[in-house]
Amino acid sequence: MDGTYDIAIIGGGINGCGIARDAAGRGLFVYLCEQADLASGTSSASTKLIHGGLRYLEHLEFRLVREALMEREVLWRMAPHIIWPLRFVLPYQAGLRPAWLLRLGLFLYDHLGGRDLLPPTSTLDLTRDAAGQPLKAGQYTFGFEYSDCWVDDARLVILNARDAADRGATIRTRTKAVAADRNADLWRLTTVDCRTGSAETVQARILINAAGPWVADVLATTRQRHAPASIRLVQGSHIVIPRLYAHDRCYIFQNPDKRIIFAIPYESDFTLIGTTERDYVGDPGQVKTTPDDVEYLCQAANRYFSTAITPAEVVWTFSGVRPLYDDGASEAQAATRDYVLDLDEAGAPMLSIFGGKITTHRRLALRVLDKLDRYLPASTRARRNWSGQTPLPGGDFPVQGFAALVKDIVRDYPWLGAQQSHRLARAYGTRARAILDGATSWSSLGRDFGNGLTEVEVTYLMREEWAEEAADVLWRRSKLGLRLSAAQTMMLQSFMVQHREEFLSR
Ligand SMILES: Cc1cc2nc3c(=O)[nH]c(=O)nc-3n(C[C@H](O)[C@H](O)[C@H](O)COP(=O)(O)OP(=O)(O)OC[C@H]3O[C@@H](n4cnc5c(N)ncnc54)[C@H](O)[C@@H]3O)c2cc1C
């Protein structure tokens, strides 16, 4: 090895990390730089659905919907700790989409492909079914129920990065790509360590621009004349409120503006409502939920739920910027959700990604590597289909085996309690044991930062998952930010600052 990477990737969101994993698993020498924390961009701000996208059928995006539907069970099998099935309740609303159209859409959704374990659509009598109870009495009498899946989006990114690193990839967080120059065969990528300001140059045969909403900024740093596809930035916001209803199903509500809003059980004690959709201008890193977004989402939910929610009840909001391929659609909601791969071959190749969903990241990675096939060693072809057949870290148990996994942890660590055993199993799957290994009591897990977050878990996250700041732990490796007080957060931050250097050289 001459120190030249086969592939250098800019961007540690789901697309960059998914490509890094696939490429490293094929035996390629991979480098990835992320300017902030892994998943700190759009990939932690999604609605967190592994879904076909029922609404995209209206825009005739059959290719995308079919690919996404087929990915649901593939991804579920790969990571049954952070991905699980959900049932969605779609109440019929007179005056909006007619019932025959909903039936047709759901029929296609059930039959376009890839549904093996997930139950099919059913019709609901909302006057009798528990799903009707939280809704306005007398207004919603029937509806439909269909399947999709839930994902912890940020952990999906981190597990892809972890797996890539386990397969030999170099992952550099808080490392910004600032310039890239090429000759016929090689890229020289200059990066800056955002903590220290020190610069480094790496060489790679192929450059991949997976910078999501920053894709055009990264293109500008490469100073190429090639005119690529263009990007449309569309902001989406969510609100989180205290749990609104008791059952475990989600709602998909139609809005009079033809948009749809989800209400989803979230982190046991909360309900997640989203999303908005409007064009965004500015630095994607500065995106913020506005009071108008909150008002819009409250109003959308209040059309359906009998208990009115107000902005005062919102405990958390988050916003992300969809990096959509600009297909010239007039409205943000109609812009294609499909992805476009732009290959520039005027010298050593550079591939830029426009669009892409969390759901389709694995297929996107496969297509990226297919597109670059002639630049890759022939020996890597034998591993073309490995990524969907191999679990992500901690996901090496059967899709129906989550309850058994929790039960085993409770049995082996009875002092941990059911709630913490469940939380650790959800976050880490079988790797929860790597955190608990050798622990004999609660106090043997070290300092308790609150809500069951202990020193051994935090040091695991710093050692294995690139966590450096309290926010990395509280908002991306977990959602304990919803539960820790300001004082507890400060205590965690000072612990992490104190111990950061021990892990930075990894
Ligand atoms: C509101 C909303 C809801 C969504 N809901 C869903 C959903 O339910 N299901 C679904 O499948 N998809 C959903 N999506 C889509 C999905 O979240 C995105 O398409 C996906 O996360 C994009 O991933 P990415 O890796 O391309 O971008 P990002 O996650 O933004 O990653 C790009 C990374 O590149 C880094 N970067 C940028 N410039 C540089 C540089 N110069 N050097 C180093 N690093 C750099 C950034 O810091 C960033 O982390 C949703 C999106 C939004 C906004």
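Order of appearance sets the numbers: ligands from 1, and atoms from 1 within every ligand.
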Using distance alone, decide if ligand 1 has a nitrogen or oxygen within less than 3.5 Å of any nitrogen or oxygen in D37.
no

Which residue from L32, L49, L38, I358 reaches closest to atom 9 (N) of ligand 1 through any of its heavy atoms?
L49

Options S43, G13, A211, ranked by nearest heavy atom to atom 22 (C) of ligand 1, top entry:
S43

Hey, does K176 come in under 3.5 Å of ligand 1, counting only N/O atoms on both sides?
no

Look at E464 together with R162 and state whether they make a salt bridge at an N to O cut-off of under 4.0 Å.
yes

Go through the side-chain N and O atoms of R87 and S147 and say whether any donor and acceptor fall under 3.5 Å apart.
yes

Purely on distance, is any nitrogen or oxygen of T275 under 3.5 Å from one on ligand 1?
no

Please could you name the atoms of ligand 1 that W214 approaches to less than 4.0 Å, counting only its heavy atoms?
30 (O), 37 (C), 38 (N), 46 (C), 48 (C)

Using heavy-atom distances, let me know which of S44, P284, S319, A45 sits nearest atom 2 (C) of ligand 1.
A45

Contact (N/O only, under 3.5 Å) between Q35 and ligand 1:
yes

Over 60° means perpendicular and under 30° means parallel, so classify the ring planes of W475 and W316, tilted if in between.
parallel

Could you check whether any side-chain N or O of D110 sits under 3.5 Å from a backbone N or O of T121, counting only pairs where one atom can act as donor and the other as acceptor?
yes

So is there a nitrogen or oxygen of A36 less than 3.5 Å from a nitrogen or oxygen in ligand 1?
no

Is the shortest N/O to N/O distance between S237 and ligand 1 below 3.5 Å?
no

Within 45° of the ring axis of F144 and under 6.0 Å from its six-membered ring centre, is that where the NZ or CZ of R97 lies?
no

Touching ligand 1 at all, V234? Heavy atoms, strictly under 4.0 Å?
no

Measure up the Y428 and Y460 rings against each other and bin them: parallel (under 30°), tilted (30 to 60°), perpendicular (over 60°).
perpendicular

Please state whether the rings of F253 and Y304 are parallel, tilted or perpendicular, taking 30° and 60° as the class boundaries.
parallel

Please confirm whether H238 comes under 4.0 Å of ligand 1, counting heavy atoms of the residue only.
yes

Option from D292, D293, V234 for which side chain to side chain contact (heavy atoms under 4.5 Å, CB included) with R278 holds
D293

Can you list the atoms of ligand 1 that are under 4.0 Å from a heavy atom of C33?
43 (C), 44 (N)

Looking only at distances, please establish whether an N/O atom of ligand 1 is found under 3.5 Å from an N/O atom of R322.
no

Sub-4.0 Å atoms of ligand 1 with respect to non-hydrogen atoms of G320:
53 (C)

For atom 18 (C) of ligand 1, the option (of G356, C149, A39, S40) bearing the nearest heavy atom
G356

Between F402 and R426, is there a cation-pi geometry (under 6.0 Å to ring centre, at most 45° from the normal)?
yes

May I ask you to check if R63 and Y339 form a cation-pi contact, with NZ or CZ under 6.0 angstrom from the six-membered ring centre and within 45° of the axis?
yes

